[in-house]
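As structure tokens, the structure follows; a few thoughts come after it.
Just the heavy atoms: all of them, side chains too, but no hydrogens, waters or symmetry mates, feed the values below. A quick note: this is a predicted structure, and the numbers were derived from the prediction, not measured. Each chain gets a letter, A, B and so on, in the order its sequence line appears, and its residues count up from 1.
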2 protein chains.
Amino acid sequence: MIAIEDKFKSYLKSKGLKFTPEREAILKEIFSFHGHFNVDGLYERLLRHNKNISRATIYRTLPLLVKNGLIEETFHCQDKSNYEHIFGHKHHDHMLCIGCGKVVGFREEEIEKLQEMVCKKYDFHSIKHKLGIKGYCKECYKKFKNNKA
Amino acid sequence: MIAIEDKFKSYLKSKGLKFTPEREAILKEIFSFHGHFNVDGLYERLLRHNKNISRATIYRTLPLLVKNGLIEETFHCQDKSNYEHIFGHKHHDHMLCIGCGKVVGFREEEIEKLQEMVCKKYDFHSIKHKLGIKGYCKECYKKFKNNKA
DNA sequence: CTAAATGCAAATGCTTTGCAATTCC
DNA sequence: GGAATTGCAAAGCATTTGCATTTAG
């Protein structure tokens, strides 16, 4: 956590921005939780921890954390913006269960390599990529099959 | 085009819905154009072809086309919903250039296979997947490098 | 001290919806 | 004829923004 905070502090300093209590609380709340989150969820978790921080401030802080490489927007065909913290994690992709909403992260080296190859083939300079697979997890697939029959 | 229209007609009939001139125009407009589109773009193209169809109707029609498997929502980290028509095309993934906004579709059998393998490994029953790569195309990368230097 | 940050409330922009009039089947 | 569809305008929602006030450095 110290490393994360330092990273964010350096980033802010380099841009002439301030490390405020609000930003500190947001950062801590995000990194105290594993999994994906959206603005509303984060807002409510902060409230529960007695941090009454306005949504506006959250909306203004998240892009800073993204630019600093601490969090990332995830995307699986949902409406609201979703984020997850990525500092210290290797890039991974996601499987999203339509049944229960569960999100499972996975990393497959071969897929990563192949993507690099494809980019070379097309002379495309990749910055980042996202792979999302939608379907049913084991449990939901069982239910689904039974309901169908 | 006849095949597409028939597919849509059967779908509508099977759901007790109607094939209206508006739906016909929307369908034709979508399939007369290659590439990605959003509601506003489609609305304006329809206008230019003297079809004054309200956005509400477009918003109500697109989900039908999605359910019918004629179009698909694409997703590359943009805000507005984006679609592309998919009937008669094999599934493909996308590369999105941050510089010029160009979207290039590609299909890589190996990646498709690997994804199936990953799903098996996790006992996940995939319905669909989306892979988006963000970066710079050849031309924009050149500019980008020069500006940086 | 002073530029940056905060919270509020208003504004924005995409999408959805209620409703009366119309149209397909 | 009657359920489905349309267009309009209003409503919804997530997100952004202007502004007066507060605060970090």
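Between A:F8 and A:Y11, the ring-plane angle classifies as parallel under the 30° and 60° cut-offs. Between B:Y122 and A:F106, the ring planes lie tilted relative to each other; the angle falls in the 30° to 60° range.
Residue B:T57 places at least one side-chain N or O under 4.0 Å from the OP1 or OP2 atom of D:dG7. Not one side-chain nitrogen or oxygen of A:Y59 sits closer than 4.0 Å to the OP1 or OP2 atom of D:dT16. Not one side-chain nitrogen or oxygen of B:S81 sits closer than 4.0 Å to the OP1 or OP2 atom of C:dC14.
Comparing B:E22 and A:K15 against DNA chain C, the residue whose closest nucleotide sits nearer the 5' end is A:K15. Nearest-nucleotide positions on DNA chain C for B:D40 and A:N52 put A:N52 closer to the 5' end. Where B:T20 and A:F19 each meet DNA chain D at their nearest nucleotide, the meeting point lying more 5' is that of B:T20.
Using a 4.0 Å heavy-atom cutoff across all strands shown, B:N38 reaches no nucleic acid atom at all. Within the nucleic acid shown, B:R23 comes within 4.0 Å of sugar-phosphate atoms alone, with no base atom in reach, counting heavy atoms only.
The pair A:K142-A:E139 does not meet the salt-bridge criterion, since no charged nitrogen lies less than 4.0 angstrom from a carboxylate oxygen.
The CZ-P distance, from A:R60 to D:dT16, rounds to 10 Å in whole Å. As rounded to whole Å, 21 Å separates atom P of D:dG12 from atom CZ of B:R55. Spacing between atom CD1 of B:I58 and atom P of C:dC14 amounts to 13 Å, rounded to whole angstrom units. Note: CG (B:L12) to P (D:dA3) measures 19 Å, nearest angstrom. Taking atom NZ of A:K9 as the reference point, atom P of C:dA5 lies 16 Å away to the nearest angstrom. Atom OH of A:Y43 is separated from atom P of D:dC13 by 17 Å (rounded to the nearest Å). At whole-Å resolution of the value, CD1 in B:I26 and P in D:dT5 are 12 Å apart. In this structure, B:K13 places its NZ atom 12 Å from C1' of C:dC24, rounding to the nearest Å.
Distances from the side chain of A:S54 to the nucleotides D:dG7, C:dG7, C:dT15 place C:dG7 closest. Listed nucleotides D:dA24, C:dC25, C:dT6 differ in distance to A:K18; the shortest reach to its side chain belongs to D:dA24.
Linking ILVMFWY side-chain heavy atoms closer than 4.5 Å, directly or via other members, places B:M117 and A:I111 in a single hydrophobic cluster.
Put simply, the residue from A:V66, A:L70, A:I71, A:L64 that forms a side chain to side chain contact (heavy atoms under 4.5 Å, CB included) with A:N68 is A:L70.
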